[in-house]
2 protein chains.
Amino acid sequence: MPQGAQPRDKVTIIEIADAAGVSKSTVSLVLTGRGSVKPETRERILQVMDELGYVYNRGAANLRNTQSKIVGLVLNDLSNPFFAEFAIGVETVLQMAGYVAFMANTAESVVRQSQVMKMMREHGARGIILCPALDTTAEELALASGPDTALLVAIRRLPGVAASSVVPDNVAGSARITRHLLNLGHRRIAYLGGMSSMVVRQDRHQGFSEAMAKAGVAIDPGLNLECMPTRDGGFSAMSSALALPNRPTAVVCYNDVVAIGAMLAAARRGLVVGRDIAIVGFDDTSEARHVSPALTTIAVDAVGLGERAAAMLLERITNRAAPATSHVGPAELVIRESCGAYQHALTAAG
Amino acid sequence: MPQGAQPRDKVTIIEIADAAGVSKSTVSLVLTGRGSVKPETRERILQVMDELGYVYNRGAANLRNTQSKIVGLVLNDLSNPFFAEFAIGVETVLQMAGYVAFMANTAESVVRQSQVMKMMREHGARGIILCPALDTTAEELALASGPDTALLVAIRRLPGVAASSVVPDNVAGSARITRHLLNLGHRRIAYLGGMSSMVVRQDRHQGFSEAMAKAGVAIDPGLNLECMPTRDGGFSAMSSALALPNRPTAVVCYNDVVAIGAMLAAARRGLVVGRDIAIVGFDDTSEARHVSPALTTIAVDAVGLGERAAAMLLERITNRAAPATSHVGPAELVIRESCGAYQHALTAAG
DNA sequence: CTCCCGAAATGGAACGTTCCATTTAATTTA
DNA sequence: TAAATTAAATGGAACGTTCCATTTCGGGAG
């Protein structure tokens with residue numbers, strides 16, 4: 001807008017109409033592009049809007065419409081690159097559909113989570129994609145979704161919730177990477193990280209157990225170690241694992257962050273990861289690639305999960321009769337150095 | 001809300017009033033907490049709201065109010081952990097002030113940037129914190145901020161824009177880390193990464209040049225290498241730097257991401273980073289700590305910048321007479337291994 | 001010249017809230 | 001007990017849009 005007369009207070013459709021010498025209805029027509037209005041009139045109106053610095057008031061419009069174009073995206077931990085990538089996937093799809101994402105970070109606080117979801121509904125969000133904070137209960141979520149706000153739960157499965165869901169295949173992925181270690185000849189394998197109250201931990205540990213059982217290898221209960229899913233958690237849990245009289249030869253970690261902490265602990269003890277001990281992760285965050293030695297892990301395609309989540313939510317929004325559905329995304333093994341597969345190949349060949 | 005009667009269509013304040021046997025004005029009173037209403041009446045109303053699944057309609061309220069509680073946060077690259085941390089700082093402060101952040105990712109697209117800023121204003125955002133996409137022009141921004149939407153530009157300075165701004169001290173930080181390399185005895189120092197059209201690159205390179213000049217060390221123009229600020233960019237730019245007949249002994253990188261790419265390229269050539277060559281970064285992302293060898297870099301406190309940005313914007317929102325201000329945040333040297341300072345200390349002592 | 005028709009433009013009610021000006025009820029004071 | 005005061009509750013206009021039902025306009029057919 002040109003330097004000139006800045007309007008002090010909000011300029012409305014009516015002022016535009018007056019200035020252009022038409023009725024507010026005509027202005028509304030060009031705004032929505034619905035009726036037919038003479039091209040030169042349209043031009044004149046658009047020009048006036050530009051001059052006066054008109055800003056469309058969606059709140060007022062929604063009042064009659066009931067059809068906003070906003071979707072909420074609630075993330076439990078934005079500082080985790082995994083969720084950032086997930087968010088990017090979500091945004092891409094929403095944007096193409098003409099929707100806009102209203103995104104918020106709860107930092108694992110269920111209180112904050114309730115607040116932002118309430119806010120989003122109050123602003124007329126048509127749907128919400130939720131990556132639930134730890135300790136989220138089904139009851140809380142009942143409040144959050146209503147007849148005109150579709151809910152989709154992502155990444156962390158939430159038992160007892162009727163919403164759609166998008167999660168990676170934690171069980172299969174964990175089984176896959178465990179099998180990889182078994183194939184390399186490991187038998188004393190530890191499972192490390194996450195708290196047993198977390199659903200994701202339960203799923204991943206289940207995959208681990210199944211793979212072990214199928215291979216006929218007994219699990220030492222002493223090698224099931226819980227810790228917070230942070231680097232420091234991984235570090236201290238690994239330290240105690242290494243202090244055991246009969247320590248593991250391989251460690252399946254809850255996720256990459258824990259694995260990196262565990263690698264640090266092993267290095268501190270003078271062990272060369274990938275030679276003296278195998279350590280593997282889950283998620284394939286960008287750090288997994290850059291850490292040294294590079295981490296063998298399970299790739300779950302965060303962006304793809306985000307895209308899928310957005311697409312599924314949009315489907316439920318546009319076709320409100322559509323039933324809640326669930327999607328389980330693929331989890332693929334990425335072999336790098338931390339498992340010692342390369343070393344192993346050398347010795348096996350030699 | 002209990003399993004019972006799910007209302008098919010939106011329930012309004014009037015229906016609540018009818019069901020509770022009061023007038024809509026009274027319901028409004030309890031909603032806003034403004035007038036005085038008998039405790040038992042309030043209770044009854046609240047209970048009815050709960051039963052019917054009432055959702056407050058902020059759009060309608062803002063229609064009279066003109067006072068929303070939303071602030072827009074526009075990020076140019078969410079996949080960069082630096083911006084994720086910045087966002088966390090912003091959110092923390094906004095939340096405490098009772099505001100909610102409406103956050104969007106532009107992925108460096110100025111088109112998308114205009115779209116989301118327009119959307120935010122249309123939804124009544126009181127202010128916008130913008131981390132501008134590359135190639136953002138001052139004209140575009142003039143459209144984006146109006147008399148009732150305060151604008152704050154963050155991280156990337158934008159010459160010719162009248163808005164408030166929050167940026168780290170790129171010049172001083174870059175000079176600081178260059179001095180560190182000079183103190184270690186380096187003389188052939190390259191500057192690597194970023195495109196010269198980027199304001200941030202200009203500032204950081206200026207700090208580099210000033211430090212070199214002050215030390216009386218000439219800059220070899222052949223050691224000023226541009227590349228996209230990505231890991232791959234850093235990798236290939238570093239590869240060509242190493243192919244030079246008289247290659248540098250130290251490299252100041254545009255940021256951590258570029259530095260990590262550069263480290264990979266050096267390792268690929270068989271060089272031990274921190275011994276055979278020094279490489280340093282800028283930003284102090286979490287990766288800088290975990291990469292091996294750990295990266296010497298400049299910490300700019302992304303979270304702190306975010307907090308500051310939010311506080312400054314809120315100030316302008318609540319006190320609309322307040323003038324636009326600028327804040328330049330500290331940039332501190334973090335010495336780790338990639339610069340070889342530790343090695344250096346050993347040899348110097350021995 | 002009148003009639004008719006489609007195109008273009010318009011007036012007004014409605015959306016869900018707030019808030020001012022009132023009314024009604026409850027309580028205190030003289 | 002009446003008057004004065006305070007607390008509690010209410011009706012209605014207004015906010016900026018949309019959209020239905022109308023009206024006006026501009027020509028072409030009869």
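Chain naming here is simple, since letters A, B, ... match the order of the sequence lines and numbering starts at 1 in each.
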Does Ser28(B) use its side chain to pair, donor to acceptor, with the backbone of Lys24(B) at less than 3.5 Å?
no
For Val55(A), which contact category applies under a 4.0 Å heavy-atom criterion: base, sugar-phosphate, or nothing?
sugar-phosphate
Where the side chain of Arg34(B) is defined as all heavy atoms beyond and including C-beta, which of dA9(D), dT10(C), dC19(C) is the nearest nucleotide?
dC19(C)
With a 4.0 Å limit, can you tell me whether Ser36(B) has a side-chain N or O closer than that to the phosphate oxygens OP1/OP2 of dA8(D)?
yes
Just by distance, do the side chain of Ser68(A) and the backbone of Gly124(A) share a donor-acceptor pair under 3.5 Å?
yes
Atom CD1 of Ile16(B) and atom P of dG16(C): how far apart are they, to the nearest Å?
12 Å
Which whole-number value in Å describes the distance from Ile13(A) CD1 to dC15(D) C1'?
13 Å
Ring-plane angle category for Phe102(A) and Phe102(B), please: parallel below 30°, perpendicular beyond 60°, tilted otherwise.
parallel
Check this one for me: any side-chain N or O of Thr41(A) less than 4.0 Å away from OP1 or OP2 of dA9(C)?
yes
Please state how far atom CZ in Arg64(A) lies from atom C1' in dA13(C), giving the value in whole angstrom units.
8 Å
Could you check whether the side chain of Ser25(A) and the base of dG11(C) have a donor-acceptor pair of N or O atoms closer than 3.5 Å, going by distance alone?
yes
Phosphate oxygens OP1/OP2 of dT10(C): is one of them under 4.0 Å from a side-chain N or O of Thr26(A)?
yes
Taken to the nearest whole Å, NZ/Lys10(A) to C1'/dA14(D) is 15 Å
Rounded distance (Å) that lies between atom P of dT17(D) and atom CG of Asn57(A):
5 Å
Could you check how far NZ of Lys24(A) sits from C1' of dG11(C), rounded to whole Å?
6 Å
Between dA9(D), dT17(D), dG11(C), spot the one nearest the side chain of Ile14(A), thanks.
dT17(D)
Selection from dG16(D), dT18(D), dA8(C) that lies nearest to any side-chain heavy atom of Ala61(A)
dT18(D)
Regarding the side chain of Thr12(B), the nearest nucleotide among dT18(D), dT18(C), dT17(C) is dT17(C)
Separation of dA9(C) P from Leu31(A) CG (nearest whole Å):
15 Å
What I want to find out is whether Lys118(B) reaches Glu122(B) closely enough, with some N-O distance under 4.0 Å, to be called a salt bridge.
yes
Return yes when atom CG of Asp18(B) has more than 12 non-hydrogen atoms of other residues, nucleotides or ligands closer than 6.0 Å, and no otherwise.
yes
Round to a whole Å and report the spacing from CG of Leu63(A) to P of dC15(D).
14 Å
